[in-house]
Structure formats: structure tokens, C-alpha cells
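A short worksheet on the structure shown next.
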Amino acid sequence: MIVDDARGELREFAEALAVRAGDGALAGRRRLGVGQPVVHDTKSSPTDPVTEYDRSAERLIVEGIRRSRPDDAIVGEEGAANPGTSGLHWLVDPIDGTANFVYDLPHWCTSIAVVDDDGPLAGAVYAPVLGELFSAARGDGATLNGSPISCSTVDELSRALVGTGFSYSAERRAVQGDRVARLVREVRDLRRLGSAAIDLCLVACGRLDGYFEEHLNSWDLAAGVLVAAEAGAITSDFAGGVATPAATVAAGPGIHAGLLALIATLDA
């Protein structure tokens, strides 16, 4: 069992790593000049970018974890896969929102979480351009730049601002586009900002009333789901079970059930 002090230490460790890696990536981006293109490769599709800054940020984070917590496992978006024996696993997304990073848009972040058999235990999401550090530990609440945050109290879908994201697969995007074209008529409006981790944190602090997305990866959502849940949001998959990379929903208690029901009708 992880005691309270240990949860707090893990949270602070995640915060420190996220800030160091995120600030390093931002410094590299700024050296290129505002609005200048970033040379990048692609991964899962021609529209799924990866840059040298993703890789260098992940190396920094992985080295920091190995040095301080050598018995913990590590899984990173850019290929880190270190087995561990402690029962704790770190999930690392060095730059969530790489397309935004490439285009010099502000909504990208460094997301780091540590999970155990019961799910996310502690985590941090740091958006360097925005100057915002979200973090949480299980049972200890969520904060933004050290101040407690809580989710929206909106209780009508028609007044809800809802975030979402789209797959890098053109075929999947076509399905998702059809869904949101119908969903937008039922809510206040939709936002697509390009970072799942940031979207989840925006639910946590009430800037979004709800969020849903499919086809993610564990490192995309582990920290953000914890931050949202600790801020009072309900998190789940599309069927009301545990949030998973396959399908994730986060929303204030007043609209979560309604958002699930609405998604179900759109998929029927």
C-alpha cells in the first residue's frame, strides 16, 4: 500500500519532471523562432508527427525516473519500455499535442503519471506555453499551479461546452466527424484543441463541462483522468465503466450521464 506521504512525493516528482522536460521542449521550440516550422517524422499515419523534442524530452524523463526510482517500470510514447519490480508503472507522454507543437500553437503539454494495480496514483500535466501545471494524487484532490480546482456544475447538456479529439486515421476521423456534426446541435458548442491531457485538465478546472474521445493511448490519459477525477468529475468509458484508451469520457456530475446517453444515441 502506498501511504499518503509517498503519494505526495510521487506527485511532486511527476511535477518536477514534467516542468523540466516541458520547459526544455519549449526552449528548443523558441530557438526556432515563433511560427517557424519544426522538422518532424511521422508515426502511425502521415498526419501523426514526432519531433526530436518529443524524443529528447522523453529521454530526460526516463533518465530521471531510472536515477531516482530504478525499480519502477516505465512506458513512454516514443518507445521507452523498462520493466520494473516495484508494482509501479510510469506512463510518459513527453509532448501531448505534437501537431500543435509543430505548428507553434499553445495547446501542448508534458504528461506524466504513475499507476498501480488500482489505476492512476499520481500525475502531472504541464502546459509550458500556457504556464500551467495541473497535478493530482489519488484521494488528495487536484490543483492548478498549486491552487485547488473543481469541475463544472452545469447540469444541462444544452448549456455544456464539450471537448473532443480525432484519430490520426482518416477512416476513423470520418466516423467521428459524422458523430460530432450531430452532437453539436445538442450542446452549447464543441472544442477540439488537440491534446487529450489538456482537455481532461480543462474539465478538471471547469473550462470545459465535458470531454470525450476514442482511440487514445494509456500515456495520453493516465494523468489527465486522475486530475479530472480528483477535481470531482466523473470519468468513464462510453458504457459507464472505467475510462480506457479505447474510449474516455470526463464530465461534471450534472451532465456525465446525459453525455453518455447522447453518445449512445449517436452511435446507434
Side-chain angles (χ1 to χ4, degrees), residues 2 6-23 25 54 57-58 60-62 64-65 69 72-78 80 88-98 100-101 107-128 130 132-146 148-149 151 163 165 193-205 207-208 211-213 216-237 242-245 248-250:
I2 300 295
R7 287 201 306 270
E9 290 172 2
L10 290 168
R11 179 181 188 166
E12 291 175 1
F13 185 50
E15 290 174 340
L17 287 174
V19 169
R20 185 180 173 198
D23 282 346
D54 295 80
E58 180 162 302
L60 184 153
I61 295 165
V62 169
I65 297 170
R69 302 191 57 85
D72 294 354
I74 310 170
V75 177
E77 181 177 18
E78 307 313 328
L88 297 180
H89 294 71
W90 291 86
L91 299 174
V92 176
D93 194 341
I95 299 180
D96 184 49
T98 299
N100 286 341
F101 182 88
H107 287 89
W108 59 270
C109 65
T110 300
S111 176
I112 303 173
V114 57
V115 305
D116 61 13
D117 290 341
D118 295 320
L121 181 62
V125 175
Y126 177 54
L130 303 176
E132 296 190 332
L133 173 63
F134 297 86
S135 74
R138 188 191 299 154
D140 292 342
T143 59
L144 165 55
N145 291 346
I149 53 176
C151 67
L193 300 175
S195 165
I198 291 179
D199 285 343
L200 286 159
C201 290
L202 295 184
V203 172
C205 67
R207 294 177 188 163
L208 290 175
Y211 159 80
F212 71 97
E213 191 165 353
L216 295 168
N217 295 290
S218 57
W219 48 78
D220 295 318
L221 61 90
V225 161
L226 178 62
V227 172
E230 287 296 321
I234 299 176
T235 64
S236 71
D237 62 10
V242 176
T244 70
T248 295
V249 177

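Everything numeric here is computed off the predicted structure, so don't read it as measured data.
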Is there side-chain contact between T235 and L200, with heavy atoms separated by less than 4.5 Å?
-> no
How many angstroms lie between atom SG of C151 and atom CG of L208, to the nearest 0.5 angstrom?
-> 12.0 Å
What distance separates C201 SG from E132 CD, expressed to the nearest 0.5 Å?
-> 9.5 Å
Have D96 and S111 got a donor and an acceptor in their side chains that come within less than 3.5 Å?
-> no
Quick one: pull up CG in D93 and OG1 in T110 and give me the separation to the nearest 0.5 Å.
-> 8.0 Å
Is the closest side-chain heavy-atom distance between C205 and F134 below 4.5 Å?
-> yes
Nearest heavy-atom pair of A196 and L216: which atoms, and what distance?
-> CB-CD2, 3.9 Å
Rounded to the nearest 0.5 Å, how far does CD1 of I61 lie from CD1 of I112?
-> 4.0 Å
Closest approach of R11 and T143, non-hydrogen atoms and distance?
-> NH2-OG1, 3.1 Å
Rounded to the nearest 0.5 Å, how far does CZ of R69 lie from CG of L88?
-> 5.5 Å
With sequence neighbours left out, the residues meeting salt bridge (charged side-chain N to carboxylate O under 4.0 Å, His left out) with D237 are none
Note, L121 side chain near R138 side chain (heavy atom, < 4.5 Å) | yes
Could you give the side-chain donor-acceptor pairs of residues 219-233 under 3.5 Å, partners two or more places apart or in another chain?
from, atom 1, to, atom 2, distance (Å)
D220, OD2, N217, N, 2.7
D220, OD2, N217, ND2, 3.4
E230, OE1, G139, N, 3.3
E230, OE1, D140, N, 3.3
E230, OE1, G141, N, 2.8
E230, OE2, G139, N, 2.8

Point-to-point distance, once rounded to the nearest 0.5 Å, from CG of L144 to CD1 of I149 | 5.5 Å
Would one find more than 12 heavy atoms of other residues, nucleotides or ligands at under 6.0 Å from atom CG of D117?
-> no
Do D199 and H107 have side-chain heavy atoms sitting under 4.5 Å apart?
-> no
What closest approach, in Å, do V115 and L91 show between heavy atoms, and which atom pair accounts for it?
-> CG1-CD1, 4.0 Å
Would you check if L10 and W90 make a side-chain contact, meaning some heavy-atom pair closer than 4.5 Å?
-> yes
Do you know the tightest heavy-atom contact between V92 and E58?
-> O-OE1, 4.1 Å
How would you list, by chain and number, every residue that makes a ring-ring contact (aromatic ring centres under 6.0 Å, His included) with F101, sequence neighbours excluded?
-> Y53, W108
